[in-house]
J.: 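I have a structure I would like to understand better, so I am pasting it below and will then ask my questions one at a time.
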Amino acid sequence: MTENGSGSNAETNGGPEPGERLRRRMLKQAEPGNRVTVVLGAQWGDEGKGKVVDLLAQDADMVCRCQGGNNAGHTVVVGSIEYDFHLLPSGIINPNVTAFIGNGVVVHLPGLFEEAEKNAKKGLEDWENRLIISDRAHIVFDFHQAADGVQEQQRQQQAGKNLGTTKKGIGPVYSSKAARSGLRICDLLTDFDDFSERFKVLANQHMSMYPSLDVDIDGELEKLKDYMERLRPMVRDGVYFMYEALHGPEKKILVEGANAALLDIDFGTYPFVTSSNCTVGGVCTGLGIPPQNVGEVYGVVKAYTTRVGIGAFPTEQKNDIGELLQSRGSEVGVTTGRKRRCGWLDLVLLKYAHMINGFTALALTKLDILDVFSEIKIGVAYKVDGKIIPYFPANQEVLNKVEVQYISLPGWNTSIAKSRTFEDLPTNAKDYVRFIEGHLGVPVKWIGIGKSRELMIQLF
Ligand code: GDP
Ligand code: IMO
Ligand code: MG
């Protein structure tokens, strides 16, 4: 080998010189490839992410959650059984899958165990041995949930409207995290006395901020102690766990986004958003993985638009159309039981979500809900003061007053439930799908035509 490390001797020896071989081996090890597939909500949530993840999990080794908490509600229908998941990744239904809850998730321990036990009664197998939780995940306490409720009351009293949160403590726990006073799973498992002291400080802070809060400090600590030993075997250093998953024998890794692009704390319709990054950046920060490991990014798009809670909704239909979408689509929140607001598909919003996430393909769900409409509209542009605006406005006052420009497509007026291929669909349904693809410049890979697992057409 030459002094400057160039490989001039390599050619004469008939192979790469040792330095070059080492560099090549290091490069190979450093490149686990883009084997992480991501599924993200592209609208205001409830697009059918659970169903898409369940489908992809049939062929996955790991399914991860990277953000949010049990504000999410993901439904999976298998035969006559309907599972709902809030903190557990939906892909856990596949008994061969390892489920991982990453550091970006906020975990309410009683909620997690209740959810797992409820689904175990429905047939979820061996979950305790297949669930791994990052030691860096923050814990949602009961007082965070209670504080969420008090904050909502205060918003109502002080500003005349609340945010319509799920009251699962999401805003308060991410606030504790950002204020650097939150407590994590690693704190619970390392030194319970120290944990208890810090818990008391945090609980007292909340009681002084919200005098109507009555926290049973000893009672909650007692419950947490009970969860501690049950939790211990499931907890790992999430960074090393993901690193090994990426660098060991090839594994197919799936990430299940919770909430959705327009609920993202940075890019959503702020302040009517959740408190985490539900767009693609949240995958890396919420799992501790580099961006080059992310491959496919699938956007889940409902064939129309829904929203739970308060906030601007340009294509909302507060009329018979909205009511028909709501009743045909059974649009009721999985987590809160609230009716979802409904309206036409909005391509301005979807284009914006695509700009942030870089979707490689879309899953278009609930196309069957549109079976009975003779005319179907799609929002394609926004006007403000009579002029088209070439962007999705950040300011909610502006978003509230946009005038939506629609295109109108003829409906297909027939059931598509028996279609098994794209070709089987009525021409007008195919045109609807093609219009969306053409406008967004993203291919549709799946089309949902009913609730069950098998009612999904794959296009390529
Ligand atoms: P997620 O939060 O994105 O997982 O979605 P939710 O589970 O909150 O809401 C989606 C609802 O639509 C659930 O009740 C699903 O069972 C249902 N669903 C999903 N895909 C389809 C579809 O293609 N057709 C019909 N009719 N229902 C669907
Ligand atoms: P999935 O994963 C629909 C909404 C709430 C509220 C706002 C803030 O099922 O799609 P939060 O409790 O997070 O502070 O509430 O965000 N929201 C959702 N809406 N689907 C969800 O999740 C949601 N998660 C939060 O309704 O308007
Ligand atoms: Mg949901």
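One-based numbering, in listed order, for ligands and for the atoms of each. One is the number of the first residue; the rest follow in order along the sequence.
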J.: Does the pair Lys122/Asp84 count as a salt bridge with the N-to-O cut at 4.0 Å?
T.: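 Answer for the salt bridge query: yes.
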J.: Please report which non-hydrogen protein atom sits nearest to atom 4 (O) of ligand 1, along with the residue it belongs to and the distance in Å to one decimal place.
T.: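 Result for atom 4 (O) of ligand 1: Gly50 N, 2.8 Å.
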J.: Can you list the ligand 1 atoms lying under 4.0 Å from a non-hydrogen atom of His74?
T.: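 Listed by number with element, the hits are 1 (P), 2 (O), 4 (O), 7 (O).
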J.: Angle class for the His206/Phe143 ring planes (parallel below 30°, perpendicular above 60°, tilted otherwise)?
T.: tilted
J.: Pick, from Lys51, Lys302, Lys366, Arg328, the option with the minimum heavy-atom distance to atom 27 (N) of ligand 1.
T.: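 Going through Lys51, Lys302, Lys366, Arg328 one by one, Lys366 has the nearest heavy atom to atom 27 (N) of ligand 1.
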J.: From atom 10 (C) of ligand 1, work out which of Asp46, Asp54, Val39 has a heavy atom at the shortest distance.
T.: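 Minimum heavy-atom distance to atom 10 (C) of ligand 1 goes to Asp46.
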J.: In terms of side-chain geometry, is the basic nitrogen of Glu117 or Arg230 positioned less than 4.0 Å from the acidic oxygen of its partner?
T.: yes
J.: Check this for me - ligand 1, Leu455, N or O atoms closer than 3.5 angstrom, yes or no?
T.: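 In this structure, Leu455 places no N or O atom under 3.5 Å from an N or O of ligand 1.
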J.: From the options Thr75, Ile416, Ile449, Leu40, select the one whose nearest heavy atom is closest to atom 13 (C) of ligand 1.
T.: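 When every heavy atom of Thr75, Ile416, Ile449, Leu40 is considered, Thr75 comes closest to atom 13 (C) of ligand 1.
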J.: Would you say Gly73 reaches the Mg ion (ligand 3) with an N/O/S atom under 2.8 Å?
T.: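 Yes.
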J.: So which of Ser90, Ala72, Gly73 gets nearest to atom 8 (O) of ligand 1, if we judge by its closest heavy atom?
T.: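 Nearest heavy atom to atom 8 (O) of ligand 1 lies in Gly73.
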J.: Heavy atom to atom 9 (O) of ligand 1, shortest distance: which of Met456, Arg340, Arg453 holds it?
T.: Arg340
J.: Provide, to 0.1 Å, the distance between atom 24 (N) of ligand 1 and the closest protein heavy atom, together with that atom's residue and name.
T.: Asp368 OD1, 2.8 Å
J.: Under 4.0 Å, counting heavy atoms only: does Gly450 come that close to any atom of ligand 1?
T.: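 Within the 4.0 Å threshold, so yes.
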J.: Can you say whether the rings of Phe373 and Trp344 are parallel (under 30°), tilted (30 to 60°) or perpendicular (over 60°)?
T.: perpendicular
J.: Classify the angle between the aromatic ring planes of Phe141 and Phe199 as parallel (below 30°), tilted (30 to 60°) or perpendicular (above 60°).
T.: perpendicular
J.: State, without any angle test, whether Glu296 and Thr360 hold a side-chain donor-acceptor pair at a distance under 3.5 Å.
T.: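 The criterion, which ignores hydrogens and geometry beyond distance, is satisfied for Thr360 and Glu296.
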J.: Taking atom NZ of Lys252 as the centre, report whether more than 12 heavy atoms of other residues, nucleotides or ligands fall under 6.0 Å from it.
T.: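 Open: at most 12 neighbouring heavy atoms sit under 6.0 Å from NZ of Lys252.
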